[in-house]
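Notes for the one structure printed next.
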Amino acid sequence: MTSSRATKIDRLASVAARGPEYEVGPEGRGSENGHDAGVSLAASAWRRLRRNPVFIVGAVVIGLFVLLAVLAPFIAPHDPALRLLEDQVSRANNEIPPPQDGYPLGGDQYGRDLFSRMLLGSQQTLLVAALATVIGLGGGLVLGTLAGAFGGWVDSVVMRIVDVLLSIPSLLLAVSIGALFADQSQFTVILAVAIVQIPIFARLLRGTMLSVRESDHVLAAKALGVKRRAIVFRHILPNSLGPVIVQSTLVLAIAVLDAAALSFLGLGAADDSTPEWGQMLGNAQDFFDSQPHLAFWPAGCIIVVALGFTLVGESMREALDPRQRR
Amino acid sequence: MGMALLEVRDLSVVFRRRGEEPTIAVDNISFDVEPGQTVGLVGESGCGKSVTSLAIMGLLPSRGAEVSGSVTFEGKELLGLSQRQLDERRGRDLGMVFQDPLSSLNPVVPIGVQIAEVLERHRKLSRKDANAEAAELLNRVGIPDPNRRLDEYPHQLSGGMRQRALIAIALACRPRLLIADEPTTALDVTIQAQILSLLAELVSGTDTALIMITHDLGVVAGLCDEVNVMYGGRIVERAQRHALFAEPRHPYTHGLLASIPRLDAPRGEKLVPIRGSVVDNIAWSRGCAFAPRCPNQLEQCWTDPPELVEDRGGMLRCHNPVEVAPLAAEGAR
């Protein structure tokens, strides 16, 4: 399983690294005055994306949830931490407040408004996913650049560490990292999810950089005596970021799921006054027989958000893949 | 003539790979380049032209490629310099123009930045001065509206303009030696002529020397003072431009000239290709590498490697050179 993950990463790296050379389409070599001679990678990818219904569906889904997350504090009808319907909760009879006037989804097992908790939960979920991806991306960029720029023993050492991390199933690794921290919080979840993503980004970036390093324009830059630092940061790195950017949208989906899984397993914040979908799902499992809707809403939202990021990521990968061009 | 600008002596490049026979890409070649002179390196694919240029520039990978011999530039040895020392020379003293202008430019960096980069690196100009100088350089290589072009990306330029921009970058620091590795191969025929005359114009009147690497004898005819014809990693003939065309001595040179389509040839006349291909070569250590394809071959050619000797003012490596001029040969057929 690990080797297949590694090969998948490397394949993505090799495909996207060849990007620019495929830019010369039938209209690529323009006239002497050709201002609009070629079409840049980003522009042509965007043109394909815009026509792709898969991308539009994914983008709309993500856009909706982001909008909800931003507006949540203003449109949530109640404070998610207050036990407003506590009088309707009965532990003994397994009774939970049903949907009623002002509480469209009813309450949870402590009598808090489920609808408000769902709304504000989107904030946590998106924040965790975004931060985990950014940290993972940052760490991966540093390690990948080290390995790709220096080569030699630096490359070997970094890549062996990366291989070891990749050989552990990602969720298991995240759970282990999360369990290492003494007091778990939302932040430890972010860190655990991020660290799992670092080796993926590092391997991907290193693979792309290695193939860009062999390209003609890098040779040309060397022939001009450009310093090594400038060659790495101006000529190799910017040309290697394409696959990493695509990967980060896919990682957003994985981060949503992993973060929810960690919270579900109780590795998130102990205090549940700030709602989080994974945690809500975890709390709902005691009532799964009698009150399935408590699990249905957070689980459904997690799935839909993760699906949205996956759709966007996959369609971006397709759009940037030179072999898919029509 | 005094001391040459560039002296290449017994330059050899051997590629070694684990588990494979070593490949001799360049085999003991020697030539001089005087200041202001244009020297051609001519030969078909795989004859070692490009490897020679990369060896001079110190751009061959340090692992796998074994370079021996000597390359002196203004009396200073270039082989064996560290990458850091080479970086000081490359771009400033030695410039290079590559074959494919699109892939030789960084696709994500505007043209102006790519030119200014060299100026800032070697001439220590400020960003602002470098930008002004970059616009001036684009103007000099014949790119209209240079200030607008500075902000454009390589994909927004046409093939010809990209090559002009590359030449501008290579000449930015006024190097004393410019190596052009098949600079027109990737271009339209009409643009080829423009680029060649631009190169000729830029090097004439300055003491910048030019090494022109090409498989195209037409390019050589228009541009080079002296021509080295390479085959199988060795120089097989060296002559002044006019002598080479009027009187090719080596059967390979003769074959190259005869295989060019001629407008004044009678209608329906077939082209005369050189038989076989580079893969038919035998090793120079055994005999003449060209022998298997040579119309003039002798018994001796298969067993006795010919030496490069002086011949009618040039140099020649052949046991049985061609005696007739190509035009006469055409007529005889």
Side-chain angles (χ1 to χ4, degrees), chain A residues 16-25 27-45 150-152 155 208 210-242 245 320 322, chain B residues 53-54 57-59 61 83-84 86-109 113-115 117-118 120-122 143-145 148-149 152-162 166 169-170 172-173 175 179 181 186-188 190-191 194:
Chain A
R18 271 181 273 129
E21 280 145 53
Y22 285 76
E23 272 319 291
V24 187
E27 77 281 21
R29 297 204 189 275
S31 55
E32 235 349 60
N33 65 353
H35 195 50
D36 49 4
V39 182
S40 82
L41 189 65
S44 71
F150 285 97
D155 183 27
T208 324
L210 285 189
S211 51
V212 171
R213 199 162 72 170
E214 300 301 316
S215 65
D216 285 352
H217 67 85
V218 172
L219 186 70
K222 282 185 191 156
L224 291 168
V226 176
K227 284 189 178 153
R228 195 153 103 164
R229 190 159 34 109
I231 287 192
V232 169
F233 287 107
R234 184 177 283 163
H235 296 281
I236 299 182
L237 193 57
N239 282 296
S240 312
L241 289 178
I245 292 167
L320 286 165
Chain B
S53 66
L54 292 177
M57 296 290 289
L59 286 174
Q83 286 300 316
R84 195 177 289 262
L86 275 171
D87 279 344
E88 291 298 321
R89 301 225 145 217
R90 290 194 288 233
R92 199 183 65 193
D93 295 336
L94 302 154
M96 187 153 179
V97 176
F98 288 89
Q99 179 170 352
D100 182 351
L102 179 59
S103 60
S104 304
L105 288 164
N106 186 343
V108 301
V109 173
V113 177
Q114 299 191 48
I115 304 177
E117 179 177 40
V118 198
E120 288 168 39
R121 166 77 177 86
H122 290 297
I143 293 183
D145 202 356
R148 193 187 71 186
R149 298 293 180 190
E152 292 193 343
Y153 291 87
H155 69 264
Q156 290 171 293
L157 303 181
S158 66
M161 275 205 281
R162 282 181 209 132
L166 266 187
I169 294 173
C173 297
I179 301 179
D181 187 357
L187 303 174
D188 285 350
T190 46
I191 313 295
Q194 293 177 12

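Order of the sequence lines fixes the chain letters, A, B, ..., with proteins taken first and strands second; residue numbering starts at 1 for each chain.
- Remark: A:Lys222 NZ to B:Met57 CE distance equals 12.0 Å, nearest 0.5 Å.
- The candidate with the highest count of non-hydrogen atom pairs below 4.5 Å against chain A, out of B:Asn106, B:Asp87, B:Leu105, is B:Asn106.
- For A:Ala220 against B:Phe98, the heavy-atom pair with the smallest separation is CA-CE1, 3.4 Å.
- Only the side chain of B:Val118 comes within contact range of chain A, with heavy atoms under 4.5 Å apart.
- Rounding to the nearest 0.5 Å gives a distance of 10.0 Å between CG of B:Leu102 and NE2 of A:His217.
- Close approach to chain B, defined as a heavy atom under 4.5 Å from one of its heavy atoms, is seen in A:Lys227, A:Ala230, A:Arg234 of residues 227-234 of chain A, taken by number.
- The choice from B:Gln114, B:Arg121, B:Glu120 that makes the most heavy-atom pairs within less than 4.5 Å of chain A is B:Arg121.
- Neither the backbone nor the side chain of B:Tyr153 comes within contact range of chain A, judged by heavy atoms closer than 4.5 Å.
- The minimum heavy-atom distance linking A:Leu224 with B:Ala170 is given by the pair CD2-CA, 4.3 Å.
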Worked check of side-chain contact (heavy atoms from CB on, under 4.5 Å) between B:Leu54 and A:Leu219: CA-CA 10 Å; B:Leu54 292 177; A:Leu219 186 70; 4.2 Å; yes

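- The shortest non-hydrogen separation linking B:Val108 to A:Pro238 is CG2-CB, 3.6 Å.
- Side-chain atoms of A:His235 never come within 3.5 Å of backbone atoms of B:Val109 as a donor-acceptor pair (strictly under, hydrogens ignored).
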